[in-house]
Enquirer: 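Structure provided below as structure tokens; questions to follow.
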Amino acid sequence: MNGPMLVVKDLHKYFGRLEVLKGVSFEVARQEVVVIIGPSGGGKSTLLRCINRLEEPTSGQVYIDGQCITERHAPVCQIRRQVGMVFQLFNLFPHLTALENVTLAPMKVLGMPRGEAEELGRQLLAKVGLAAKVNNLPAQLSGGQQQRVAIARALAMRPKLMLFDEPTSALDPEMIGEVLAVMKDLAREGMTMLVVSHEMGFAREVADRIMFLEHGVILEEGPPEQVFGSPRHERTRSFLSKVL
Amino acid sequence: MSLDWQVVERYFPFLVGGAWLTLRLTVVTTALGTIIGLFAAIARLSRFKIFSWPAAAYVDFFRGTPLLAQIMLIHFGLPQLFGYKPNMVVDAIAALSINCGAYVTEIFRAGIQSIERGQTEAALSLGMTPAQAMRYVILPQAFRRVLPPLGNEFIAMLKDSSMVSIISMEELLFRGMISAGRSFRPFPIWITVSLLYLAMTLPFTRLVSWMEIKLKREHRPEGR
């Protein structure tokens with residue numbers, strides 16, 4: 001198949017009577033890196049969480065590599081395996097070591113033998129620069145290290161698409177760089193990525209496309225040079241003037 | 001009147017035999033109660049009413065009625081209703097386990113609910129089913145957190161097992177009544193019975209305190 005990796009069609013999400021997403025539609029092509037920016041409370045995280053149905057959209061469709069995940073009887077668990085997710089607060093499993101965090105899903109979900117899973121786990125932890133920390137518990141790792149373990153954990157399922165929900169927002173400034181470096185490597189290797197971030201430098205450097213989301217609507221999208229250089233929309237301009 | 005401590009010597013082996021049954025009853029019923037409680041807690045937290053509703057009713061009934069009444073209901077009531085011959089040991093174990101299970105249900109429910117939502121979300125995002133997320137991610141963490149309250153429940157069960165003396169189970173309390181009756185020396189006998197209970201609960205109490213301290217230490221992140 002050569003269609004887009006992700007198609008979002010007219011997505012609406014209400015929390016009670018509050019409409020958080022007001023008809024969001026977009027596509028992400030294979031190997032494309034899209035960064036969503038916008039003010040807090042604009043629906044960025046909700047949008048991301050609707051894509052793998054951690055949040056139930058009120059209406060609209062999401063297709064991942066052509067498979068609809070929003071249908072009533074969609075094989076949600078199977079589709080989720082193909083979509084890695086990295087959370088703002090890492091959400092590592094605190095009772096498991098770094099290596100066990102990475103190997104758990106391949107072993108239990110894919111039925112991978114322990115030896116093979118551990119080999120894959122060590123390889124992925126080495127890739128995110130944590131070869132020396134395989135046997136540490138999350139509580140023994142810094143925030144930046146924990147987030148890199150979380151990225152390795154998501155990659156262990158060999159996802160086609162990676163979702164990043166403000167992956168550096170909870171980090172001390174000196175740790176942001178190490179996480180962004182790992183994400184840049186991933187982008188360079190051709191991973192399809194949808195990233196919610198306030199890291200404008202990262203967005204400018206890595207993104208193929210920027211989407212500006214405010215009040216549940218995509219107000220503007222385009223290549224970074226255009227969105228950052230000459231934003232068309234008044235709201236985008238005022239947002240960027242505050243964060244840049 | 002002399003307290004005649006020699007009766008203690010005479011009845012001690014008999015009372016220790018009762019204590020041994022108390023201990024065995026406690027181990028068996030808390031083990032069964034833990035299993036019942038685990039499944040009832042999962043049912044209680046289900047979003048499907050056919051699971052959550054009976055579990056809630058079970059907890060309400062067995063926490064809201066006296067254990068003594070439950071023992072009578074199971075030993076005398078049910079056999080009349082269904083027309084079978086009651087079995088003392090089975091009924092004692094059943095009543096204690098089911099009662100213990102109701103308390104354990106609430107302990108596990110609180111433990112499971114204390115695990116951050118993000119843990120389930122991370123597990124689901126990796127493609128786990130809700131059952132796998134529960135089994136591999138939530139329960140191992142919840143289990144550690146509930147160890148101290150679970151230990152306290154076991155201590156309570158050890159003491160509550162004395163209630164089955166009402167249906168003539170020859171555990172420690174029952175043998176105390178026999179000994180006191182036969183010897184006409186209630187004080188030496190009952191103080192001995194009490195100390196035997198204490199000898200069984202005290203190590204457990206200490207173990208629970210030790211676990212609480214250890215868990216607190218584990219939850220403190222290091223090197224930050």
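Numbers restart at 1 for each chain; the letters A, B, ... are given by sequence-line order, proteins then strands. Heavy atoms only: backbone and side chains are in, while hydrogens, waters and symmetry mates are out.
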Enquirer: Just wondering, more than 12 heavy atoms not from B:Arg24 lying within 6.0 Å of its CZ?
Expert: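 Enclosed: over 12 neighbouring heavy atoms sit under 6.0 Å from CZ of B:Arg24.
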
Enquirer: If I take atom OH from residue B:Tyr136 and atom CE from residue A:Met107, how far apart are they, to the nearest 0.5 angstrom?
Expert: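 B:Tyr136 atom OH to A:Met107 atom CE measures 9.0 Å (nearest 0.5 Å).
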
Enquirer: Less than 4.5 Å to any heavy atom of chain B: does that hold for the side chain of A:Leu92, its backbone, both, or neither?
Expert: backbone

Enquirer: Measure the spacing between OG of B:Ser125 and CZ of A:Arg81 and express it to the nearest 0.5 Å.
Expert: 13.0 Å

Enquirer: So do the side chains of A:Asn52 and B:Leu124 get within less than 4.5 Å of each other, counting heavy atoms only?
Expert: no

Enquirer: Please report the shortest heavy-atom distance between B:Gly127 and A:Val109, naming the atom on each side.
Expert: O-CG1, 3.8 Å

Enquirer: Specify which of A:Arg49, A:Gln78, A:Met85, A:Arg53 makes the most heavy-atom pairs with chain B at under 4.5 Å.
Expert: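 When all of A:Arg49, A:Gln78, A:Met85, A:Arg53 are compared, A:Arg49 has the most.
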
Enquirer: Under 4.5 Å heavy-atom distance to chain B, tell me which part of A:Phe87 shows up: side chain, backbone, both or neither.
Expert: side chain

Enquirer: Which residue out of A:Gly84, A:Ala105, A:Ala156 racks up the most heavy-atom pairs below 4.5 Å with chain B?
Expert: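 Going by pairs under 4.5 Å, I would pick A:Ala105.
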
Enquirer: If every non-hydrogen atom of B:Leu126 is compared with every non-hydrogen atom of A:Ala154, which pair is closest and at what distance?
Expert: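 Scanning both residues completely, I find the closest heavy atoms to be CD2-CA, 4.1 Å.
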
Enquirer: How would you list, by chain and number, every residue that makes a salt bridge (charged side-chain N to carboxylate O under 4.0 Å, His left out) with B:Arg175, sequence neighbours excluded?
Expert: B:Glu170

Enquirer: So which heavy atom on B:Gln141 is nearest to which on A:Pro94, and how close?
Expert: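 Here B:Gln141 and A:Pro94 meet closest at OE1-CG, 3.2 Å.
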
Enquirer: I'd like to know whether CZ of B:Phe204 has more than 12 heavy-atom contacts from other residues, nucleotides or ligands below 6.0 angstrom.
Expert: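 12 or below, so no.
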
Enquirer: Flag yes if more than 12 heavy atoms outside B:Phe12 fall under 6.0 Å of its CZ atom; otherwise flag no.
Expert: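 No, the 6.0 Å shell around CZ holds no more than 12 heavy atoms from other groups.
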
Enquirer: Non-hydrogen atoms of chain B under 4.5 Å away: do they reach the side chain of A:Arg153, the backbone, both or neither?
Expert: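 A:Arg153 touches chain B through backbone and side-chain heavy atoms alike.
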
Enquirer: Any residues in residues 97-121 of chain B near chain A, with a heavy-atom distance under 4.5 Å, and which are they?
Expert: B:Gly118, B:Gln119, B:Glu121

Enquirer: Supply the atom-to-atom distance B:Met128 CE to A:Lys108 NZ, rounded to the nearest 0.5 angstrom.
Expert: 9.5 Å

Enquirer: For A:Tyr14, I'd like to know if atom OH has over 12 heavy atoms of other residues, nucleotides or ligands within 6.0 Å.
Expert: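 No, the 6.0 Å shell around OH holds no more than 12 heavy atoms from other groups.
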
